[in-house]
J.: 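This is the structure I want to talk about, given as C-alpha coordinates.
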Amino acid sequence: MIIAIDGPAASGKGTLARRIADHFGLPCLDTGLLYRAVARDVLAGGFRLDDTWAVVAFARCLDPATLDDEGLRAPGVGEAASRVAGIPEVRSALLEYQRAFARRRPGAVLDGRDIGTVVCPDADAKIFVTATPEERARRRHLERQAQGEPVTYEQILDLIRNRDARDSGRDSAPMRRADDADLLDTTEMGIEAAFDAAVGLILRKTSQ
Ligand code: CDP
(Lines give C-alpha, C1' and ligand atoms only; values in the text may rest on other atoms or scores of the structure.)
Protein backbone atom coordinates (compact mmCIF):
# COMPACT_ATOMS: atom_id res chain seq x y z
CA MET A 1 0.00 0.00 0.00
CA ILE A 2 1.39 3.39 -1.00
CA ILE A 3 0.12 6.49 0.80
CA ALA A 4 0.94 9.96 -0.56
CA ILE A 5 0.74 12.94 1.81
CA ASP A 6 1.31 16.36 0.27
CA GLY A 7 0.84 19.88 1.51
CA PRO A 8 2.45 23.24 2.22
CA ALA A 9 5.02 24.17 4.88
CA ALA A 10 3.91 23.71 8.48
CA SER A 11 0.61 22.07 7.52
CA GLY A 12 1.38 19.19 9.87
CA LYS A 13 1.91 16.70 7.04
CA GLY A 14 5.21 15.42 8.46
CA THR A 15 3.77 14.54 11.88
CA LEU A 16 0.70 13.10 10.23
CA ALA A 17 2.75 10.99 7.80
CA ARG A 18 4.81 9.48 10.62
CA ARG A 19 1.70 8.67 12.67
CA ILE A 20 0.01 7.11 9.65
CA ALA A 21 3.12 5.06 8.85
CA ASP A 22 3.26 3.72 12.44
CA HIS A 23 -0.43 2.94 12.38
CA PHE A 24 -0.22 0.88 9.17
CA GLY A 25 3.23 -0.57 9.91
CA LEU A 26 4.84 1.06 6.88
CA PRO A 27 8.18 2.85 6.43
CA CYS A 28 7.95 6.61 5.98
CA LEU A 29 9.98 8.93 3.75
CA ASP A 30 9.97 12.67 4.41
CA THR A 31 10.95 13.72 0.87
CA GLY A 32 11.62 17.31 1.97
CA LEU A 33 14.78 15.93 3.59
CA LEU A 34 16.18 15.06 0.15
CA TYR A 35 15.92 18.68 -1.01
CA ARG A 36 17.19 19.90 2.34
CA ALA A 37 20.20 17.56 2.09
CA VAL A 38 21.06 18.81 -1.40
CA ALA A 39 21.00 22.41 -0.15
CA ARG A 40 23.15 21.45 2.85
CA ASP A 41 25.73 19.71 0.64
CA VAL A 42 25.90 22.64 -1.82
CA LEU A 43 26.51 25.17 0.96
CA ALA A 44 28.94 22.88 2.82
CA GLY A 45 30.88 22.49 -0.42
CA GLY A 46 31.30 26.26 -0.63
CA PHE A 47 28.98 26.71 -3.65
CA ARG A 48 26.04 29.06 -4.06
CA LEU A 49 22.42 27.98 -4.34
CA ASP A 50 22.09 29.83 -7.66
CA ASP A 51 24.99 27.85 -9.14
CA THR A 52 22.73 25.45 -11.02
CA TRP A 53 25.55 23.26 -12.31
CA ALA A 54 26.89 22.64 -8.77
CA VAL A 55 23.41 22.10 -7.30
CA VAL A 56 22.56 19.49 -9.93
CA ALA A 57 25.92 17.75 -9.42
CA PHE A 58 25.29 17.52 -5.64
CA ALA A 59 21.74 16.23 -6.23
CA ARG A 60 23.09 13.47 -8.50
CA CYS A 61 25.47 12.20 -5.87
CA LEU A 62 23.33 12.67 -2.77
CA ASP A 63 23.96 9.98 -0.17
CA PRO A 64 20.59 8.97 1.37
CA ALA A 65 22.47 7.63 4.39
CA THR A 66 22.97 11.27 5.44
CA LEU A 67 19.24 12.06 5.72
CA ASP A 68 19.08 11.58 9.49
CA ASP A 69 21.34 14.60 10.09
CA GLU A 70 19.51 16.73 12.71
CA GLY A 71 20.91 19.89 11.07
CA LEU A 72 18.57 19.33 8.11
CA ARG A 73 15.64 20.48 10.24
CA ALA A 74 17.20 23.86 11.04
CA PRO A 75 14.99 26.84 10.00
CA GLY A 76 17.07 28.29 7.15
CA VAL A 77 17.51 24.90 5.48
CA GLY A 78 13.84 24.66 4.46
CA GLU A 79 14.15 27.95 2.66
CA ALA A 80 17.33 26.83 0.87
CA ALA A 81 15.66 23.51 0.00
CA SER A 82 12.78 25.31 -1.63
CA ARG A 83 15.27 27.16 -3.88
CA VAL A 84 17.07 24.04 -5.12
CA ALA A 85 13.72 22.23 -5.49
CA GLY A 86 12.76 24.51 -8.37
CA ILE A 87 15.50 23.10 -10.63
CA PRO A 88 14.05 20.36 -12.90
CA GLU A 89 17.34 18.36 -13.06
CA VAL A 90 17.45 18.29 -9.25
CA ARG A 91 13.93 16.89 -9.14
CA SER A 92 14.69 14.22 -11.73
CA ALA A 93 17.92 13.24 -9.94
CA LEU A 94 15.89 12.56 -6.76
CA LEU A 95 12.91 10.88 -8.40
CA GLU A 96 14.15 7.30 -8.71
CA TYR A 97 15.21 7.09 -5.06
CA GLN A 98 11.68 8.12 -4.00
CA ARG A 99 9.98 5.71 -6.40
CA ALA A 100 12.22 2.82 -5.33
CA PHE A 101 11.38 3.58 -1.68
CA ALA A 102 7.66 3.49 -2.50
CA ARG A 103 7.93 0.21 -4.46
CA ARG A 104 9.39 -1.79 -1.59
CA ARG A 105 7.07 -4.33 0.06
CA PRO A 106 4.74 -3.90 1.91
CA GLY A 107 4.53 -0.28 0.73
CA ALA A 108 5.32 3.11 2.20
CA VAL A 109 4.10 6.52 3.27
CA LEU A 110 5.80 9.44 1.48
CA ASP A 111 5.24 13.08 2.31
CA GLY A 112 6.16 16.11 0.26
CA ARG A 113 4.76 18.46 -2.35
CA ASP A 114 4.47 16.32 -5.51
CA ILE A 115 4.01 12.77 -4.24
CA GLY A 116 0.42 12.39 -5.46
CA THR A 117 1.05 14.21 -8.72
CA VAL A 118 4.52 13.11 -9.88
CA VAL A 119 6.34 10.65 -7.62
CA CYS A 120 3.50 8.18 -6.99
CA PRO A 121 0.57 9.10 -9.24
CA ASP A 122 -0.82 5.55 -8.70
CA ALA A 123 -0.72 5.73 -4.88
CA ASP A 124 -3.53 3.80 -3.16
CA ALA A 125 -4.48 6.82 -1.06
CA LYS A 126 -3.58 10.48 -1.45
CA ILE A 127 -4.16 13.24 1.06
CA PHE A 128 -3.46 16.93 0.53
CA VAL A 129 -3.06 18.40 4.01
CA THR A 130 -3.56 22.10 4.39
CA ALA A 131 -4.37 24.88 6.86
CA THR A 132 -4.59 28.64 6.47
CA PRO A 133 -1.24 30.49 6.26
CA GLU A 134 -2.11 32.26 9.55
CA GLU A 135 -2.68 28.99 11.39
CA ARG A 136 0.48 27.45 9.94
CA ALA A 137 2.46 30.54 10.96
CA ARG A 138 0.99 30.31 14.47
CA ARG A 139 2.11 26.66 14.78
CA ARG A 140 5.59 27.30 13.42
CA HIS A 141 5.97 30.35 15.63
CA LEU A 142 5.18 28.25 18.72
CA GLU A 143 7.76 25.66 17.62
CA ARG A 144 10.44 28.31 17.09
CA GLN A 145 9.67 30.00 20.39
CA ALA A 146 10.02 26.67 22.17
CA GLN A 147 13.46 26.37 20.54
CA GLY A 148 14.31 29.82 21.97
CA GLU A 149 14.50 31.52 18.59
CA PRO A 150 13.84 35.29 18.57
CA VAL A 151 11.54 35.44 15.55
CA THR A 152 8.17 37.18 15.30
CA TYR A 153 4.86 35.75 14.11
CA GLU A 154 4.83 38.32 11.27
CA GLN A 155 8.27 37.22 10.04
CA ILE A 156 7.15 33.59 9.98
CA LEU A 157 3.90 34.42 8.20
CA ASP A 158 5.93 36.26 5.59
CA LEU A 159 8.27 33.30 5.09
CA ILE A 160 5.34 30.91 4.80
CA ARG A 161 3.60 33.07 2.20
CA ASN A 162 6.81 33.37 0.17
CA ARG A 163 7.47 29.65 0.36
CA ASP A 164 3.90 28.80 -0.69
CA ALA A 165 4.22 31.14 -3.67
CA ARG A 166 7.58 29.67 -4.71
CA ASP A 167 6.48 26.03 -4.25
CA SER A 168 3.21 26.38 -6.09
CA GLY A 169 4.43 28.84 -8.71
CA ARG A 170 7.40 26.87 -10.08
CA ASP A 171 7.18 25.19 -13.49
CA SER A 172 8.66 21.87 -12.42
CA ALA A 173 6.33 19.69 -10.29
CA PRO A 174 4.60 22.61 -8.55
CA MET A 175 2.87 21.91 -5.26
CA ARG A 176 -0.74 21.12 -6.04
CA ARG A 177 -3.48 18.78 -4.96
CA ALA A 178 -3.77 15.79 -7.30
CA ASP A 179 -7.23 15.51 -8.88
CA ASP A 180 -7.88 12.27 -6.99
CA ALA A 181 -6.44 13.43 -3.64
CA ASP A 182 -8.62 13.99 -0.58
CA LEU A 183 -8.29 17.44 0.97
CA LEU A 184 -7.69 17.56 4.71
CA ASP A 185 -7.95 21.08 6.10
CA THR A 186 -6.46 20.99 9.61
CA THR A 187 -6.98 24.70 10.40
CA GLU A 188 -9.40 23.84 13.19
CA MET A 189 -8.04 20.42 14.08
CA GLY A 190 -5.52 19.22 16.61
CA ILE A 191 -3.14 16.43 15.64
CA GLU A 192 -5.37 13.66 17.07
CA ALA A 193 -8.42 14.82 15.10
CA ALA A 194 -6.31 15.21 11.95
CA PHE A 195 -4.88 11.71 12.41
CA ASP A 196 -8.34 10.14 12.90
CA ALA A 197 -9.66 11.96 9.83
CA ALA A 198 -6.67 10.87 7.73
CA VAL A 199 -7.00 7.21 8.74
CA GLY A 200 -10.70 7.37 7.87
CA LEU A 201 -9.92 8.78 4.41
CA ILE A 202 -7.25 6.14 3.77
CA LEU A 203 -9.50 3.24 4.84
CA ARG A 204 -12.28 4.53 2.64
CA LYS A 205 -9.97 4.76 -0.38
CA THR A 206 -8.28 1.40 0.14
CA SER A 207 -11.46 -0.57 0.78
CA GLN A 208 -13.16 0.61 -2.42
O1 CDP B 1 8.77 20.94 6.73
P2 CDP B 1 8.49 21.95 5.67
O3 CDP B 1 7.14 21.81 5.09
O4 CDP B 1 8.84 23.36 6.07
O5 CDP B 1 9.52 21.68 4.49
P6 CDP B 1 9.90 20.32 3.76
O7 CDP B 1 8.72 19.44 3.57
O8 CDP B 1 11.09 19.73 4.44
O9 CDP B 1 10.34 20.84 2.31
C10 CDP B 1 11.32 21.84 2.12
C11 CDP B 1 11.22 22.32 0.68
O12 CDP B 1 11.57 21.24 -0.20
C13 CDP B 1 9.83 22.75 0.24
O14 CDP B 1 9.55 24.11 0.46
C15 CDP B 1 9.80 22.40 -1.25
O16 CDP B 1 10.25 23.45 -2.05
C17 CDP B 1 10.78 21.26 -1.37
N18 CDP B 1 10.11 19.97 -1.59
C19 CDP B 1 9.69 19.67 -2.87
O20 CDP B 1 9.82 20.48 -3.77
N21 CDP B 1 9.12 18.47 -3.15
C22 CDP B 1 8.94 17.57 -2.18
N23 CDP B 1 8.39 16.39 -2.50
C24 CDP B 1 9.33 17.86 -0.85
C25 CDP B 1 9.90 19.09 -0.58
Side-chain angles (χ1 to χ4, degrees), residues 2-18 28-43 49 55-56 58-59 62 64 66-102 108-121 123 126-131 133 135-144 147 149 151 155-178 181 184 186 191:
I2 298 175
I3 302 173
I5 313 279
D6 289 302
S11 56
K13 64 183 185 317
T15 310
L16 210 50
R18 281 190 302 277
C28 185
L29 178 64
D30 171 354
T31 64
L33 289 178
L34 297 167
Y35 298 91
R36 286 172 181 258
V38 172
R40 169 202 60 196
D41 292 350
V42 170
L43 296 173
L49 295 171
V55 176
V56 172
F58 278 102
L62 178 68
T66 65
L67 294 181
D68 49 14
D69 167 8
E70 267 308 306
L72 292 182
R73 312 244 177 220
V77 186
E79 203 50 33
S82 152
R83 292 179 56 192
V84 305
I87 304 170
E89 293 87 344
V90 167
R91 306 201 69 85
S92 50
L94 302 177
L95 190 57
E96 191 38 42
Y97 176 76
Q98 298 173 78
R99 287 194 172 150
F101 189 97
V109 178
L110 287 86
D111 81 86
R113 301 287 189 289
D114 61 339
I115 308 303
T117 51
V118 175
V119 179
C120 302
K126 301 180 183 178
I127 302 182
F128 193 87
V129 187
T130 189
E135 173 59 17
R136 290 186 279 129
R138 191 189 67 79
R139 292 175 191 168
R140 191 126 292 179
H141 186 230
L142 283 178
E143 260 170 50
R144 298 282 187 258
Q147 293 160 351
E149 220 193 296
V151 62
Q155 286 168 325
I156 297 210
L157 181 58
D158 230 39
L159 282 172
I160 282 195
R161 287 202 168 119
N162 286 338
R163 187 109 78 86
D164 284 358
R166 193 188 293 138
D167 287 349
S168 47
R170 67 183 174 220
D171 293 332
S172 179
M175 171 176 72
R176 77 171 178 82
R177 173 187 170 189
L184 182 59
T186 69
I191 181 64

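Counting convention: from 1, in listed order, for ligands and their atoms alike.
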J.: Heavy-atom distance to atom 11 (C) of ligand 1: which of Ser168, Ser11, Ala81 wins?
T.: Ala81
J.: Please answer whether the main-chain N or O of Asp111 pairs with a side-chain N or O of Thr31 as donor and acceptor at a distance below 3.5 Å.
T.: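 Yes; at least one donor-acceptor contact below 3.5 Å.
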J.: Salt bridge or not for Glu135 and Arg139, using N-O below 4.0 Å?
T.: yes
J.: Is Arg170 near ligand 1, meaning one of its heavy atoms is under 4.0 Å from it?
T.: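 The answer is yes: ligand 1 sits under 4.0 Å from a heavy atom of Arg170.
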J.: Examine Asp111 against ligand 1 and note whether any of their N/O atoms are separated by less than 3.5 Å.
T.: no
J.: Kindly write out the residues that satisfy ring pair (Phe, Tyr, Trp, His ring centres under 6.0 Å) with Phe58, not counting sequence neighbours, or none if the list is empty.
T.: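 With sequence neighbours excluded, Phe58 shows a ring pair (Phe, Tyr, Trp, His ring centres under 6.0 Å) to Phe47, given in chain and number order.
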J.: Got the closest protein heavy atom to atom 24 (C) of ligand 1, with its distance?
T.: Thr31 OG1, 3.4 Å
J.: When you compare the side chains of Arg40 and Thr66, does any donor N or O come within less than 3.5 Å of an acceptor on the partner?
T.: yes
J.: Among Arg113, Met175, Arg163, which residue places a heavy atom closest to atom 7 (O) of ligand 1?
T.: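 Considering heavy atoms of Arg113, Met175, Arg163, the nearest to atom 7 (O) of ligand 1 sits in Arg113.
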J.: If we only count N/O pairs under 3.5 Å, is Lys13 in contact with ligand 1?
T.: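 Such a contact does occur with ligand 1.
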J.: Under 3.5 Å, N or O to N or O, is Asp167 touching ligand 1 that way?
T.: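 It does: an N or O of Asp167 is found under 3.5 Å from an N or O of ligand 1.
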J.: Taking the basic N atoms (NZ, or NE/NH1/NH2) and the acidic carboxylate oxygens, is any pair closer than 4.0 Å for Arg176 and Asp6?
T.: no
J.: Tell me whether Lys13 contacts the main-chain N or O of Ile127 through its side chain, where contact means a donor paired with an acceptor under 3.5 Å.
T.: no
J.: Consider every N or O of Arg140 and every N or O of ligand 1, then say whether any pair is closer than 3.5 Å.
T.: yes
J.: Give the residue, atom name and distance (to 0.1 Å) of the protein heavy atom nearest atom 21 (N) of ligand 1.
T.: Arg91 NH2, 3.0 Å
J.: Counting from 1, what ligand 1 atoms have a heavy atom of Ala85 closer than 4.0 Å?
T.: 16 (O), 17 (C), 20 (O)
J.: Salt-bridged, Glu96 to Arg99, with N to O below 4.0 Å?
T.: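 Salt bridge between Glu96 and Arg99, a charged N being under 4.0 Å from a carboxylate O: no.
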J.: Any carboxylate oxygen within less than 4.0 angstrom of a Lys/Arg side-chain nitrogen, looking at Asp30 and Arg18?
T.: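 Salt bridge between Asp30 and Arg18, a charged N being under 4.0 Å from a carboxylate O: no.
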J.: Numbering the atoms of ligand 1 from 1, which are under 4.0 Å from a heavy atom of Ala10?
T.: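 This gives 3 (O) as the contact atoms.
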J.: Would you check whether Glu79 reaches within less than 4.0 Å of ligand 1, judged by its heavy atoms?
T.: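 No, Glu79 has no heavy atoms under 4.0 Å from ligand 1.
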J.: Identify, by atom number and element, the atoms of ligand 1 in contact range of Arg36, meaning under 4.0 Å from any of its heavy atoms.
T.: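 In order of number, 1 (O), 2 (P), 4 (O), 5 (O), 6 (P), 8 (O).
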J.: Could you list the residues that satisfy side chain to side chain contact (heavy atoms under 4.5 Å, CB included) with Ser82, not counting sequence neighbours?
T.: Arg163, Arg166, Asp167
J.: With heavy atoms of Gly32 as the reference, note each atom of ligand 1 found under 4.0 Å away.
T.: 6 (P), 7 (O), 8 (O), 9 (O), 24 (C), 25 (C)
